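This report refers to the structure that appears directly beneath it.
Below, each value reflects all heavy atoms present in this structure, side chains not excepted, and no hydrogens, waters or symmetry copies. Each residue takes its place number in the sequence, starting with 1. Just so it is clear, the model here is predicted, and its values are computed rather than measured.
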Amino acid sequence: MKLQDAVYNWLTIKVVAQARPDDTAAQETEQFFADLLREDHAIEQIAFTKEDDVYTVTCTANDESRTFRFPAELVEAMLDQINREPDKYANYE
């Protein structure tokens, strides 16, 4: 998986996990992608901001900083789907 794809996947589920702190599956999936970024791409630090309709992710690997930008509409698509049909996304512990 390319770094950009892994960062996008992490960001998408991170947004869901932050919006749904009691959602066990979202928390575990976010951890999976965070681990993947560390193990497969040597990501040491990662952070994001949202300004207007764009998410900006900055990450560091091997003392090199990388920045990615993603449209908010794409990043928030999963969360929007969950919010539209919450009965399909019940939390199972």
Side-chain angles (χ1 to χ4, degrees):
M1 181 180 299
K2 289 184 176 184
L3 177 57
Q4 181 173 341
D5 295 337
V7 169
Y8 170 78
N9 289 335
W10 169 82
L11 178 61
T12 299
I13 196 63
K14 181 71 171 178
V15 168
V16 172
Q18 285 186 335
R20 297 171 50 96
D22 296 330
D23 185 331
T24 306
Q27 302 306 315
E28 290 174 357
T29 304
E30 187 278 328
Q31 187 60 56
F32 169 81
F33 280 106
D35 291 344
L36 184 138
L37 287 169
R38 264 190 309 280
E39 294 166 9
D40 292 0
H41 298 284
I43 297 299
E44 299 158 3
Q45 296 178 354
I46 189 164
F48 71 92
T49 58
K50 180 183 179 190
E51 293 182 31
D52 300 320
D53 294 332
V54 176
Y55 281 88
T56 302
V57 179
T58 304
C59 56
T60 305
N62 303 318
D63 294 325
E64 181 181 334
S65 182
R66 298 278 310 267
T67 300
F68 301 93
R69 289 181 177 75
F70 303 100
E73 182 178 347
L74 292 178
V75 171
E76 296 169 357
M78 182 183 298
L79 181 58
D80 291 344
Q81 176 67 28
I82 291 168
N83 288 337
R84 277 194 303 276
E85 301 180 86
D87 54 310
K88 291 184 178 180
Y89 300 94
N91 186 31
Y92 299 102
E93 295 188 33

Exercise for the section: Any chance you could lay out the side chain to side chain contact (heavy atoms under 4.5 Å, CB included) test for L3 and I43, step after step, and finish with the verdict? Expected result: CA-CA 9 Å; L3 177 57; I43 297 299; 4.0 Å; yes
Which pairs would a plain distance check flag for residues 58-72, meaning a side-chain donor or acceptor within less than 3.5 Å of a matching protein atom at least two apart in sequence or in another chain?
none

By side chain to side chain donor-acceptor pair (under 3.5 Å), K88 pairs with (sequence neighbours left out) E85
Between L11 and V54, is there shared hydrophobic-cluster membership here, with clusters defined by ILVMFWY side-chain heavy atoms closer than 4.5 Å? no
Rounding to 0.5 Å, atoms CD1 (I13) and CG (L79) come to a distance of 9.5 Å
Smallest heavy-atom separation, V75 atom then T12 atom, equals O-CG2, 3.6 Å
Can I get a per-line list of side-chain donor-acceptor pairs under 3.5 Å for residues 26-38, giving both atom names and the distance, sequence neighbours left out?
| from | atom 1 | to | atom 2 | distance (Å) |
| --- | --- | --- | --- | --- |
| Q27 | NE2 | A17 | O | 2.9 |
| Q27 | NE2 | R20 | O | 3.2 |
| T29 | OG1 | A25 | O | 2.7 |
| E30 | OE2 | W10 | NE1 | 2.7 |
| Q31 | NE2 | D35 | OD1 | 2.8 |
| D35 | OD1 | R38 | NH2 | 2.2 |

Should V7 and H41 be marked as a side chain to side chain contact (heavy atoms under 4.5 Å, CB included) after you check the CA-CA gap, both sets of side-chain angles, and the distance that decides it? CA-CA 10 Å; V7 169; H41 298 284; over 6 Å; no
Contacts satisfying side-chain hydrogen bond (donor to acceptor under 3.5 Å, both in side chains) that involve residues 46-56 (not counting sequence neighbours) are K50-E76, Y55-E76
